[in-house]
Asker: 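I have a structure here, written as structure tokens, and I will follow up with some questions on it.
Start at 1 and go down the list; that is how both ligands and their atoms are numbered.
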Amino acid sequence: MVEIGNVEVRDVFKIERIGAHSHIRGLGLKENLEVIDVADGLVGQHAARRAAGVVVKMIKEGRIAGRAVLIAGPPGSGKTAIAMGISKAIGQDTPFVSITASEVYSVDLAKTEALMQAFRKAIGIRIKEETEVLEGEVVMVEIDRPASGLGPKVGKLTLKTTDMEAIYDLGSKMAENVIKEKVTAGDVIQIDKGSGRINKVGRSIAKTHDYDAMGPQMKFVACPDGEIQKRIENVNTISLHDIDVINSRTHGYLAVFSGDTGEIKGEVREQINKKVLEWREENKAQIVPGVLFIDEAHMLDLECFSFLNRAIEADLSPILILATNKGFVQIRGTTLKSAHGIPFDLLDRALIVRTHPYTENDQREILKIRAMEESVELEDTALEILVKITSTTSLRYGMQLISTADVLRQRRKGEKVSVEDLKKVYKAFYDVKRAQNYLKQHEDLFITDLNQQI
Ligand code: ADP
Ligand code: ADP
């Protein structure tokens with residue numbers, strides 16, 4: 001803490017939100033799909049990871065159309081983790097959309113519409129666009145403000161390359177842009193001739209010396225050569241769903257940000273599909289099928305399953321990955337039972353991947369990776385206690401204790417999380433089993449039957 005006058009300034013810690021799967025960077029496989037036991041943040045689960053590797057190969061070769069992948073295994077056995085690994089392994093630019101089956105049931109949207117939107121979010125369209133730009137180093141900017149201070153501003157901008165120099169008149173809109181972007185002499189800029197948008201590429205290397213005080217984010221670049229006016233190619237990837245929303249006149253493009261898209265008409269989608277396929281023919285666009293991951297797939301009902309059956313056969317379809325922890329259960333919306341609560345015809349098209357419960361050793365490795373990811377250090381004995389706790393509770397619960405115990409460590413200003421810290425948080429936070437036991441013992445304190453309330 002620092003005292004400035006009588007104002008108290010606290011040290012501000014950087015707040016980082018670390019997602020439950022942030023440690024996963026890929027599938028941890030060698031080129032020949034051999035599994036490396038601990039790699040890319042994944043541990044054990046060899047058979048499933050190798051199978052996932054085959055799926056990635058097929059995706060990359062474009063051979064998975066009309067199929068789905070089902071990952072089946074007990075809770076906390078890494079189903080989501082492996083789906084994340086798949087998405088990381090197929091590449092940065094590939095869309096990965098993850099939903100839980102129960103999300104499709106809402107009052108605002110029909111369930112098949114919700115599924116359709118999820119499908120189309122998982123398909124990327126890479127659009128190539130040639131634009132004309134002015135690119136050069138700024139030699140001088142002059143903005144003329146009207147004497148009254150009101151009314152439009154105009155000005156002049158001088159740009160140069162190593163080969164030429166030119167002066168441009170700035171209309172009022174461009175003058176505003178130049179002010180807004182704080183363009184000064186020595187900046188290397190790109191101006192989109194169509195939209196007037198200014199993109200600061202960096203500072204000219206020639207100006208390095210007069211800007212010692214620049215922040216570390218400042219990029220120094222060479223003064224461009226050749227013509228000032230040139231054509232450049234831009235590649236943008238947007239999802240098919242975004243194109244739907246932008247083109248559905250009832251909502252307007254702002255709906256992309258609010259997420260409040262409502263139902264999109266079938267005709268709009270048909271037209272867009274036609275257009276996108278045309279662009280592909282003309283080499284203007286590339287279609288990038290991504291991954292749609294649906295967790296708790298047994299929560300889908302018969303209507304949803306028939307939708308999925310049809311949708312994966314369509315021309316434009318992402319790779320569908322379903323996950324479930326249910327065995328032989330009823331298919332929602334029917335009286336029939338089926339493996340994983342999924343109808344036979346869909347199961348039959350799916351590549352089924354199994355995950356198995358973890359050994360104590362695997363759990364130890366996963367906990368170690370998580371501790372590292374959260375920058376938490378544990379005493380050796382504390383780690384062993386944590387492994388024991390995890391084996392009688394669950395992996396997720398064990399992971400929760402890492403961050404909560406670390407809060408206690410910080411409070412007592414210790415270096416590493418101790419057995420004592422762990423004991424305290426274990427007592428403070430209930431795992432599922434203890435919570436259930438507590439409920440059973442104290443049933444009379446809780447309302448179990450909603451009818452009693454009335
Ligand atoms: P499931 O989807 O099967 O219920 P998760 O994938 O959510 O289980 O696993 C629970 C937690 O354990 C997650 O934080 C996940 O990232 C982590 N995890 C599970 N399996 C592994 C693994 N093999 N390697 C590394 N982390 C794992
Ligand atoms: P419920 O569990 O039914 O939501 P509440 O948490 O609202 O009950 O508790 C009822 C009242 O008792 C509230 O006014 C709450 O502030 C108070 N209360 C309950 N538990 C405690 C506690 N441990 N310490 C202080 N006040 C409490």
Asker: Which atom names give the shortest non-hydrogen contact between V353 and A51, and what distance separates them?
Answerer: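 Smallest heavy-atom distance, with atoms named: CG2-CB, 3.8 Å.
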
Asker: Just by modelled atom types, is the A20 backbone N or O under 3.5 Å from a matching donor or acceptor in the R370 side chain?
Answerer: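 Yes; at least one donor-acceptor contact below 3.5 Å.
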
Asker: Could K326 and E296 be called an ion pair, given the rule that one side-chain N must be under 4.0 Å from one carboxylate O?
Answerer: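 Looking at K326 and E296, the cut-off is not met.
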
Asker: Near E233 CD, under 6.0 Å, is it more than 12 heavy atoms from other residues, nucleotides or ligands?
Answerer: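 Above 12, so yes.
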
Asker: May I have every N or O pair linking ligand 1 to the protein at under 3.5 Å, one per line with atom names and distance?
Answerer:
{"unit_1": "ligand 1", "atom_1": "2 (O)", "unit_2": "T80", "atom_2": "N", "d": "3.0"}
{"unit_1": "ligand 1", "atom_1": "2 (O)", "unit_2": "T80", "atom_2": "OG1", "d": "2.6"}
{"unit_1": "ligand 1", "atom_1": "3 (O)", "unit_2": "S77", "atom_2": "N", "d": "3.2"}
{"unit_1": "ligand 1", "atom_1": "3 (O)", "unit_2": "G78", "atom_2": "N", "d": "3.2"}
{"unit_1": "ligand 1", "atom_1": "3 (O)", "unit_2": "K79", "atom_2": "N", "d": "2.9"}
{"unit_1": "ligand 1", "atom_1": "3 (O)", "unit_2": "K79", "atom_2": "NZ", "d": "2.8"}
{"unit_1": "ligand 1", "atom_1": "4 (O)", "unit_2": "G76", "atom_2": "N", "d": "2.8"}
{"unit_1": "ligand 1", "atom_1": "4 (O)", "unit_2": "R396", "atom_2": "NH2", "d": "2.6"}
{"unit_1": "ligand 1", "atom_1": "6 (O)", "unit_2": "T80", "atom_2": "N", "d": "3.3"}
{"unit_1": "ligand 1", "atom_1": "6 (O)", "unit_2": "A81", "atom_2": "N", "d": "2.9"}
{"unit_1": "ligand 1", "atom_1": "7 (O)", "unit_2": "R396", "atom_2": "NH2", "d": "3.0"}
{"unit_1": "ligand 1", "atom_1": "8 (O)", "unit_2": "G78", "atom_2": "N", "d": "3.3"}
{"unit_1": "ligand 1", "atom_1": "8 (O)", "unit_2": "R396", "atom_2": "NH2", "d": "3.4"}
{"unit_1": "ligand 1", "atom_1": "14 (O)", "unit_2": "A20", "atom_2": "O", "d": "2.9"}
{"unit_1": "ligand 1", "atom_1": "16 (O)", "unit_2": "A20", "atom_2": "O", "d": "3.4"}
{"unit_1": "ligand 1", "atom_1": "16 (O)", "unit_2": "H21", "atom_2": "ND1", "d": "2.8"}
{"unit_1": "ligand 1", "atom_1": "20 (N)", "unit_2": "Y358", "atom_2": "OH", "d": "2.5"}
{"unit_1": "ligand 1", "atom_1": "23 (N)", "unit_2": "V43", "atom_2": "O", "d": "2.7"}
{"unit_1": "ligand 1", "atom_1": "23 (N)", "unit_2": "Y358", "atom_2": "OH", "d": "2.8"}
{"unit_1": "ligand 1", "atom_1": "24 (N)", "unit_2": "V43", "atom_2": "N", "d": "3.0"}
{"unit_1": "ligand 1", "atom_1": "26 (N)", "unit_2": "H23", "atom_2": "NE2", "d": "3.0"}

Asker: May I ask you to check whether over 12 heavy atoms, not counting those of Y430, lie within 6.0 Å of atom OH?
Answerer: no

Asker: Is it true that E132 and R231 have a side-chain N and a carboxylate O under 4.0 angstrom from each other?
Answerer: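 A salt bridge is present here (some side-chain N lies under 4.0 Å from a carboxylate O).
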
